[in-house]
Structure formats: C-alpha cells, structure tokens
**Q** 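One structure is given below, represented as structure tokens, and several questions about it will come after.
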Protein chains: 2
Amino acid sequence: MRVAEFDREYVLRQAMIAFTQYGYAKTSMQKLTQVTALHPGSLYAAFKNKKGIFLAAIEQYQADRNQQFTNLFCADKAVLPNLKAYIDSVVAECVSGDSMKVCLLTKSISEVEGQDEQISQVLSDNLNAYENTLAEQFNRAILKNEITTEYTAKQRARFLAMGLYGLRTYALTNNKRDDLKQLADDLYIAITK
Amino acid sequence: MRVAEFDREYVLRQAMIAFTQYGYAKTSMQKLTQVTALHPGSLYAAFKNKKGIFLAAIEQYQADRNQQFTNLFCADKAVLPNLKAYIDSVVAECVSGDSMKVCLLTKSISEVEGQDEQISQVLSDNLNAYENTLAEQFNRAILKNEITTEYTAKQRARFLAMGLYGLRTYALTNNKRDDLKQLADDLYIAITK
DNA sequence: CCTTATCTTGAGTGTACATTCAAGATAAGG
DNA sequence: CCTTATCTTGAATGTACACTCAAGATAAGG
C-alpha cells in the first residue's frame with residue numbers, strides 16, 4: 001500500500017518534449033529516464049513500455065492543446081479576430097527556437113505511418129478532432145455572419161488545417177519572420193473569403 | 001583495375017524508396033543491403049557510410065523530381081493548365097497506396113531537424129530550389145498575362161509550396177479522394193487569384 | 001510497531017544496429 | 001597469361017538499445 005510518487009503530468013510533458021525534439025524512434029528509454037528523472041522500472045510499471053509512454057504523452061499533448069484552444073476561443077466575442085490571433089501564434093511558435101515549433105502529432109504521424117497502425121490511428125484521430133475543433137469555430141463565425149456560406153465550415157477548417165501543417169513544414173526550410181507572417185496573412189485571407 | 005559492377009542509379013533509387021518508407025533512422029544498413037542487393041562492404045566503399053548513402057539518395061531524388069518537372073512544364077504552352085495538372089498529380093500520389101505518396105525531402109527534414117545540421121542544410125537547400133522552380137513558372141505565367149501582378153511570383157510559389165507540404169501531411173489524416181481534390185482545387189484558386 | 005502490498009532501484013539480458021576488415025574474386029595493362 | 005589494383009564478400013566487432021527482475025525502500029492498515 002504505497003502510492004506512486006511522481007507527478008504524472010510533469011513526467012508526460014517532459015516525455016512529450018523529448019518525443020517532439022528527437023522523434024519517436026530516436027527518443028531512447030535512457031533519454032526518457034533522464035528527462036523524467038524516473039528509473040526504467042518505474043516507467044515500465046506506469047506505462048508498460050516505450051509505446052505506452054508515447055501514447056500517454058500524446059494524450060497529454062492533446063489535453064494541453066485543447067486547454068490552450070479553449071482559452072483562446074472561449075469568449076463569445078467575434079470569432080475571426082481570435083482565429084487571426086491563433087494563426088499568428090503558430091507563426092510565433094515557428095520562428096521561436098523552441099523545440100515545440102513542430103507539432104508532435106504531424107511529426108509523429110509522418111514518422112510512424114506504415115510502421116505502427118495503432119499509433120497512426122491515434123494520431124489521425126487526434127488530428128481529425130483538431131480539424132473538427134476548427135470547424136466548430138467556423139460554424140460559430142457563420143452563425144455570427146462573419147463569413148459567407150460559400151464554403152462550408154468543414155471545408156474552411158480542412159483548408160486551414162492543411163495550411164497550418166504546411167506552414168510548420170515550410171518554416172523548416174525558411175525561418176524568416178516576414179515570409180512566414182505573409183503566408184499566415186494570405187492563409188487567413190483564403191479561409192475567410 | 002576493376003570497375004564497380006552495380007548500377008548506381010538503381011541502387012540509389014532503391015535506397016530512396018526505403019528511406020521514404022521507413023525514415024532515416026529506421027532504415028537499417030541491413031535493409032539497405034537487401035533492397036540494393038549489395039553487401040555492406042560495397043555500400044561502404046561506394047558511399048562511405050549510411051549518411052553518405054542518404055545524401056546520395058537525396059541527390060538522386062532531386063534529379064528525378066527535376067526531370068519529372070521539366071517534362072511537365074517544358075512546353076511553351078500556357079502555364080496554368082500545367083500547374084493544375086501538377087497539383088492534381090500530387091493528389092493522385094497522395095491517394096495512391098504507394099510509399100512515395102510522402103515527399104522524401106519534407107519527411108526527412110522533419111525527422112533530422114536539430115539532429116544533423118549538414119543533412120538539414122542539404123534538405124533545406126533542395127526544398128528552396130523546389131520553391132524557386134515553382135516561382136519560375138509563376139514568372140512565366142505573369143509574362144504571359146495568365147495571372148495578375150497583385151502577388152509576386154515568389155509569394156505565389158511560397159504559398160503553393162506551403163499548400164503542397166500541407167496537403168501531403170493532411171492526406172495522412174484523411175485519405176478521401178474527394179476531400180483532397182477539393183483542397184487541391186481551392187489551393188489552385190488561391191494561388192491563381 | 002509490525003505486516004504487507006506496492007513502489008523504486010539499477011544492474012543485467014538479449015537483440016539489433018552501424019561499421020570494419022581480411023580473404024577471395026575479377027577485370028585491365030603489359 | 002600473368003600481374004596488380006580494385007572490387008566483392010560476409011563474418012566479426014563493439015555499441016546502443018528496449019526491456020526485465022530481484023532486492024531494497026516505503027507508506028497504509030491493523
């Protein structure tokens with residue numbers, strides 16, 4: 001009768017950062033023991049194996065992202081300004097030296113696609129949920145007459161998701177703030193037309 | 001006095017496919033000996049090490065891509081129809097089960113970013129060259145009055161590059177042909193407006 | 001304060017990896 | 001047809017990895 005001592009959220013966030021930085025394959029268990037300050041046995045007891053840690057870290061990542069998103073869009077203010085601010089925040093992440101400038105979900109799905117069906121599915125589900133979250137905002141914008149119904153909320157959400165995935169990838173080849181800002185502005189125009 | 005027996009292009013294309021499918025880290029030398037039908041010693045003699053094989057494969061990939069591109073855009077016909085066909089060909093690649101549905105360059109840069117500065121630089125250079133190739137086409141389109149000068153060729157090329165990177169990533173989360181086609185059509189509209 | 005269930009510890013295990021190298025094979029030059 | 005430089009072969013090497021497990025530590029219940 002003894003209770004686990006470590007802080008699960010802290011451990012998963014540390015793991016999350018490592019996986020984002022090094023990728024799934026190149027994040028060794030040794031690295032994970034270092035960043036979490038847990039011994040192998042504890043990690044295996046808590047998460048079964050490396051894949052278990054990864055899946056739990058993804059869950060934490062998504063929870064954190066949802067929180068961030070909810071904070072930004074909670075107000076019953078106009079949707080579009082929030083959306084613009086959100087897109088700009090992605091640009092800010094991209095130009096920051098931070099390792100979180102890449103998205104754990106897209107980076108991981110690109111890595112494990114065709115190798116691990118279960119992980120791929122989880123990642124895909126989370127990214128689809130993200131797209132749906134975006135679509136909700138576009139629906140709100142339609143209800144508030146901020147955008148036309150020329151395109152459906154779903155269509156706009158898809159295009160924005162594609163654009164943001166692309167923006168993060170593009171930023172790996174060109175990290176100039178002005179260029180990324182321009183792309184973000186053009187993307188905003190495209191999805192609000 | 002003896003000449004190497006293997007077909008360098010064949011070997012590199014096989015390596016290229018493996019790297020695209022499994023990623024850099026998870027493509028083992030054993031796998032490479034299998035797909036190239038070469039023994040370790042031969043591979044090391046010809047390419048120095050795994051990284052050497054990878055860099056050579058990237059070079060081959062880019063050469064092949066340039067060839068494909070030149071074939072598509074060689075004609076002094078109108079630019080936009082060719083561009084549309086090119087974008088649609090990316091959609092076709094995305095929905096195909098083929099392992100080449102992902103781009104070796106973007107997948108690799110996402111993987112090795114922050115791990116190997118030399119490889120990152122090579123990939124970044126190649127992707128920038130790709131962007132410039134796209135910009136050339138937009139310049140031609142401007143000269144032929146197919147598009148306005150509201151946006152520069154460079155701007156349009158950047159937006160298209162971003163869109164295509166995003167499209168390939170998005171396809172990993174949603175492989176429905178209609179949705180991807182719609183995104184491609186919307187992307188085409190955005191860059192030719 | 002003792003029992004017991006559970007957690008923590010970290011050395012140990014087997015496997016897979018990138019790379020090397022010496023022996024054998026083979027083509028060009030004389 | 002012999003020499004020799006170069007290529008091919010594949011077993012061997014050392015390292016890094018994911019994962020295990022038995023011994024030790026510690027908290028809750030009685």
Side-chain angles (χ1 to χ4, degrees), chain A residues 1-58 104 108 111-112 114-120 122, chain B residues 1-58 104 108 111-112 114-120 122:
Chain A
M1 281 103 186
R2 207 185 145 193
V3 77
E5 286 170 5
F6 65 85
D7 176 346
R8 189 183 160 95
E9 283 198 13
Y10 172 77
V11 163
L12 288 181
R13 271 196 267 265
Q14 292 298 110
M16 191 177 92
I17 293 168
F19 281 125
T20 303
Q21 189 163 11
Y22 304 109
Y24 179 58
K26 294 266 300 182
T27 300
S28 64
M29 284 304 300
Q30 197 186 40
K31 192 97 217 162
L32 288 170
T33 60
Q34 284 166 14
V35 300
T36 61
L38 250 48
H39 291 256
S42 298
L43 282 173
Y44 281 93
F47 303 107
K48 185 170 168 68
N49 54 24
K50 183 176 167 180
K51 182 168 164 178
I53 303 173
F54 188 56
L55 290 172
I58 288 168
L104 176 60
S108 300
E111 179 183 350
V112 306
Q115 321 243 39
D116 188 307
E117 206 44 61
Q118 190 196 352
I119 296 179
S120 290
V122 167
Chain B
M1 284 113 183
R2 206 182 146 195
V3 77
E5 287 170 4
F6 64 85
D7 177 345
R8 190 185 160 94
E9 284 198 11
Y10 172 78
V11 163
L12 289 179
R13 272 196 266 266
Q14 291 299 109
M16 190 175 94
I17 293 167
F19 281 125
T20 303
Q21 189 163 12
Y22 304 109
Y24 179 58
K26 292 268 297 181
T27 300
S28 64
M29 285 303 302
Q30 197 185 40
K31 193 99 215 162
L32 288 170
T33 61
Q34 284 167 12
V35 300
T36 63
L38 251 46
H39 291 255
S42 298
L43 282 173
Y44 280 91
F47 304 107
K48 186 171 169 66
N49 52 27
K50 182 175 168 181
K51 182 168 161 177
I53 303 173
F54 187 56
L55 291 172
I58 288 168
L104 176 59
S108 300
E111 178 182 352
V112 306
Q115 323 244 39
D116 189 307
E117 206 42 63
Q118 191 194 353
I119 297 179
S120 290
V122 168

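Each chain gets a letter, A, B and so on, in the order its sequence line appears, and its residues count up from 1.
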**Q** Searching all strands shown, indicate the nucleotide that pairs with D:dG30 (Watson-Crick or G-U wobble; both distances under 3.5 Å).
**A** C:dC1

**Q** Taking everything shown except A:Gln30 itself, do over 12 heavy atoms lie less than 6.0 Å from its CD?
**A** no

**Q** Looking only at heavy atoms, what is the nearest atom pair of B:Gln115 and A:Gln21, with distance?
**A** NE2-O, 3.9 Å

**Q** Quick one: look up who C:dC21 pairs with, Watson-Crick or G-U, both distances under 3.5 Å, and put none if it's unpaired.
**A** D:dG10

**Q** Any protein N or O atoms within reach of nucleotides 10-12 of chain D? Criterion: under 3.5 Å, listing atom names and distances.
**A**
residue	atom	partner	partner atom	Å
D:dG10	OP2	B:His39	ND1	3.4
D:dG10	OP2	B:His39	NE2	3.1
D:dG10	O6	B:Gly41	N	3.2

**Q** Testing the basics here: between B:Ala25 and B:Glu111, what is the closest heavy-atom pair and its distance to 0.1 Å?
**A** N-OE2, 2.8 Å

**Q** Do the rings of A:Phe19 and A:Phe54 sit parallel, tilted or perpendicular, given the 30° and 60° boundaries?
**A** perpendicular

**Q** How close or far is atom P of D:dA18 from atom CD of A:Gln34, stated in whole angstroms?
**A** 12 Å

**Q** Can you give one letter per nucleotide of nucleotides 13-18 of chain C, going 5' to 3': B for a protein heavy atom under 4.0 Å from the base, S for sugar-phosphate only, - for none?
**A** ----SS

**Q** How far apart are the closest heavy atoms of A:Thr27 and A:Ala18, and which atoms are they?
**A** OG1-O, 3.3 Å

**Q** Is it the case that more than 12 heavy atoms not belonging to B:Lys51 sit under 6.0 Å from its NZ atom?
**A** yes

**Q** Searching all strands shown, indicate the nucleotide that pairs with D:dA16 (Watson-Crick or G-U wobble; both distances under 3.5 Å).
**A** C:dT15

**Q** Do A:His39 and A:Thr33 have side chains that approach each other closer than 4.5 Å (heavy atoms only, starting at C-beta)?
**A** no

**Q** To the nearest Å, give me how far apart CZ (A:Phe47) and P (C:dC7) are.
**A** 12 Å

**Q** Could you tell me whether A:Lys26 sits above the aromatic face of B:Tyr24, with NZ or CZ closer than 6.0 angstrom to the six-membered ring centre and within 45 degrees of the axis?
**A** no

**Q** Check the distance between C:dT20's C1' and B:Leu43's CG and give it to me in whole angstrom.
**A** 14 Å

